[in-house]
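The shown structure was predicted, so the numbers you read here are calculated from the model rather than taken from an experiment.
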Amino acid sequence: MNLELALRMTEAAMKQAAREGASISVAVVDEGGHPVSFQRMEGAEIAGPVLAQGKAYTSVALRRSTEDLAELTAPGGELFGLAGDRFLCFGGGIPLWADYGEGERVVGGVGVSGGTITQDVRCAEAAASVWRTR
């Protein structure tokens, strides 16, 4: 992960948000969950910066999309009780995998907040596609 690529990723997420009619915050983090790039669109919600970074961190720490965690952390779920503190378990966070394949090594993550969950997921996917096609 480098700054130039992270900035391209945040731009892709914001372009998707504009198409969606959403105002978002987007964060790209490195393999340790540390911020590399962050942008907040004008008019984005006040909680967006914290939520976007939290989703990106969670996707790196747990090596899975935050969208996949909603069911797992619900009552009766395998990871019930995990949500809270730094772990955000609703859509908008996507881990970024090293070139040698999923299941091997997460090298970063992207998190988006400000739209609906569906919009956040689509914006995060737009950013992740920049990673995958770099």
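Under the 4.5 Å side-chain criterion, counting only non-hydrogen atoms from C-beta, Leu88 is not in contact with Thr66. Side-chain atoms of Leu72 and Arg64, non-hydrogen and from C-beta on, do get closer than 4.5 Å to each other. Between Arg40 and Pro49, the closest side-chain pair of non-hydrogen atoms falls below 4.5 Å. Counting heavy atoms from C-beta outward, Val112 and Val121 have side chains that stay 4.5 Å or more apart. Between Val106 and Leu96 the shortest side-chain heavy-atom distance does not fall below 4.5 Å. For the pair Arg122 and Glu125, the minimum side-chain heavy-atom distance is 4.5 Å or more. Proximity of His34 to Met1: side-chain heavy atoms (C-beta onward) are nowhere separated by under 4.5 Å. Between Leu7 and Gln39, the closest side-chain pair of non-hydrogen atoms falls below 4.5 Å.
Contact record, Ile94 with Ala128: CG2-CB, 4.1 Å, taken as the closest heavy-atom pair. Contact between Ile117 and Phe90 at its shortest, heavy atoms only, is CD1-CD1, 3.5 Å. Nearest heavy atoms, Gly33 versus Val60: N-CG1, 4.2 Å. Taking each heavy atom of Ala124 and Gly92 in turn, the nearest pair found is CB-O, 3.5 Å. Residue Val130 comes nearest to Leu5 through the heavy atom pair CG1-CD1, 3.9 Å, listed as atom of the first residue, atom of the second, then distance. Summarising the geometry of Met41 relative to Ala17, their closest heavy-atom pair is SD-CB, 3.7 Å, with the distance given to 0.1 Å.
Between the side chains of Gln16 and Arg19, a donor-acceptor pair is found at a separation under 3.5 Å. A donor-acceptor pair shorter than 3.5 Å cannot be found between the side chains of Glu45 and Ser23.
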Problem - Residue pair Val28, Thr10: steps toward the side-chain contact (heavy atoms from CB on, under 4.5 Å) verdict - result: CA-CA 7 Å; Val28 176; Thr10 56; 3.8 Å; yes
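Formation of a donor-acceptor pair under 3.5 Å by the Lys55 side chain with backbone atoms of Ser113 is not found in this model. Without hydrogens or angle criteria, Asp120 side chain to Gly115 main chain gives a donor-acceptor distance under 3.5 Å.
For CD1 of Ile46, the number of neighbouring non-hydrogen atoms (other residues, nucleotides, ligands) closer than 6.0 Å is 12 at most.
To the nearest 0.5 Å, the span separating CG on Leu62 from OG1 on Thr73 amounts to 10.0 Å. For the atom pair CE (Met9) and CH2 (Trp131), the distance works out to 7.5 Å, reported to the nearest 0.5 Å.
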